[in-house]
Every structure is written in structure tokens, then in C-alpha cells.
Amino acid sequence: DLLYNARVLAGHRFRASDVACPEEVDLVMNEAFRFTHRAFPEDCIEAVHTTPLLIPFKHFYDGEFIADEKYLLGEYVLTFDDGTEARLPVRYGSNISYSGLTGRSSTIVGDSMMEEDTAYRLSTLYLEMAGSALAYREGDTLWYRTLYPNPHPGHRVTAWRYEAIKTDAEVLTQNLLNICKKDAQ
């Protein structure tokens, strides 16, 4: 919220009649994603995925911590061109979130799940993903694009599968592929 509101106010875009400034949200979220992944190696794995599972956001001061028993949904199991395998975690709130988050814009501003009904406050479900994943909407589904460092640098992924750990959580995956960091920005 702080970065978003600072951009809105510093850019003199704030008007009491505004519902939101989605173009500012896009800029802030893209910059947070770029900043988080600035030190990633050139050889990365990109995942685009989502889940219909809704785990309401809890603040750490509520006694909620990112415990695998609650938030680890599963793992991508990758097979590389030399036959080796590696696992990448799919963790709710870290690299994947709720597919049905709704809002007045494609950038999830002022959604109905907010604790406060303030036009310039972003959804906490959306904010917890800031930097780790970029969200975008296709139809009624919100997808999350995230990067993992390639656990086997210099080798290509030849096959992959998703293995559920939390069996009541469906994970939908659009794609999983090797990419270069430069292509990801």
C-alpha cells in the first residue's frame, strides 16, 4: 500500500472521486517483481499458475506464520535433459494465490475482500504476492507468474509434473518453462 499510495499522491493523480489508479498498481507491482528478482541467475524457471483455494490473509501479529502444513500446496517435479530431477515448492501466499480475487480493475484494486472499503487500499491477498509473483487476469481467472532459480543451471527442463501435498487444494498451471531473466522483464 505504501509504495502504491506514494506513487499516486506524488504523481498528483489522487482525486476524491477516483475509484483507483490501476496503471499505478501495475507500475508498482512490476517494479517490486523486478527488484525481487534482480539478483536471480540468468537461467530461471517460470511458472504461471493459480488455485481456486482461498486462504484468508492473516498478519504475523495474529500468530500466523508461513507453516508448510497450511501453505505448501505441492511441488513441481522437473526432469532435466541429463535425467536428473528437482522439486520446486508451490506455496500459497509466496508464489501462488487465489484465482477468484475480484476487483474493479484487472489489477485487483478495491476488491470485495478488503478489510476496509477504501478505494486506494490494495487487497492484502494481492499485496502478500508483491515482488514474488505478478498477477494478471484472463477472463474470470487471476493467474500468478513467478520465477524460480534453475536448480540445475545449464540444463533444460524436458518434462515436469505437479505433485499435490495438500490434497484439497487444486493447482492450475498454464505453463512451466526455462527462461532467461532478461526475457522475463
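The first residue of the sequence shown is numbered 1, and numbering continues consecutively from there.
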Exercise. Would you mind telling me which of Leu53, Leu73, Thr50 makes a side chain to side chain contact (heavy atoms under 4.5 Å, CB included) with Val171?
Key: Leu73
Test of understanding: clusters of I, L, V, M, F, W, Y form through side-chain heavy atoms closer than 4.5 Å, transitively. Do [X] and [Y] belong to the same one?
X     : Y      : answer
Phe40 : Leu134 : yes
Leu72 : Ile96  : no
Leu54 : Leu142 : yes

Exercise. Please work out whether the ring planes of Phe33 and His37 are parallel, tilted or perpendicular, with thresholds of 30° and 60°.
Key: tilted
Does the [X] side chain pair with the main chain of [Y], one donor and one acceptor, at a distance under 3.5 Å?
X      : Y     : value
Arg34  : Glu31 : no
Asn95  : Val90 : no
Thr36  : Ala32 : yes
Thr158 : Thr79 : yes
Ser132 : Ser94 : yes

Self-check item: Candidate pair Thr173 and Tyr76, rule side-chain hydrogen bond (donor to acceptor under 3.5 Å, both in side chains), full reasoning
Solution: CA-CA 10 Å; Thr173 306; Tyr76 291 116; 2.9 Å; yes
Quiz prompt | ring-ring contact (aromatic ring centres under 6.0 Å, His included) assessment of His49 paired with Tyr162 | solution = CA-CA 11 Å; His49 52 199; Tyr162 175 75; 8.5 Å; no
If every non-hydrogen atom of [X] is compared with every non-hydrogen atom of [Y], which pair is closest and at what distance?
X      : Y      : result
Pro151 : Ala86  : CG-CB, 3.5 Å
Glu170 : Thr51  : O-OG1, 2.5 Å
Asp43  : Gly154 : OD2-N, 2.8 Å

Do [X] and [Y] come within less than 4.5 Å of each other through their side chains, counting heavy atoms only?
X      : Y      : answer
Val48  : Tyr144 : no
Cys44  : Asn150 : no
Leu176 : Leu78  : yes

Quiz item: Is Asp140 atom CG crowded by more than 12 heavy atoms from other residues, nucleotides or ligands, each under 6.0 Å away?
Solution: no
Quiz prompt | Atom pair CH2 (Trp160) and CD1 (Ile45), whose distance is rounded to the nearest 0.5 Å | solution = 11.5 Å
Quiz item: Can you tell me how far the OH atom of Tyr71 sits from the CZ atom of Arg91, to the nearest 0.5 Å?
Solution: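 Rounded to the nearest 0.5 Å, the OH-CZ separation comes to 12.0 Å.
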Quiz item: Does Glu138 have any side chain to side chain contact (heavy atoms under 4.5 Å, CB included) partners at least two apart in sequence or in another chain, and if so, which?
Solution: Tyr136, Trp143, Gln174
Self-check item: Candidate pair Ile55 and Lys70, rule side chain to side chain contact (heavy atoms under 4.5 Å, CB included), full reasoning
Solution: CA-CA 9 Å; Ile55 300 175; Lys70 183 173 182 180; 3.6 Å; yes
Exercise. Only pairs at least two apart or in different chains count here, so list each salt bridge (Lys or Arg N to Asp or Glu O under 4.0 Å) that has a residue in residues 79-88.
Key: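 Passing the test, one end in residues 79-88: Glu75-Arg87, Glu85-Arg161, Arg87-Glu163.
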Exercise. List for me each residue that meets ring pair (Phe, Tyr, Trp, His ring centres under 6.0 Å) alongside Tyr148, sequence neighbours excluded, and say none if there are none.
Key: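 Ring pair (Phe, Tyr, Trp, His ring centres under 6.0 Å) list for Tyr148, sorted by chain: empty.
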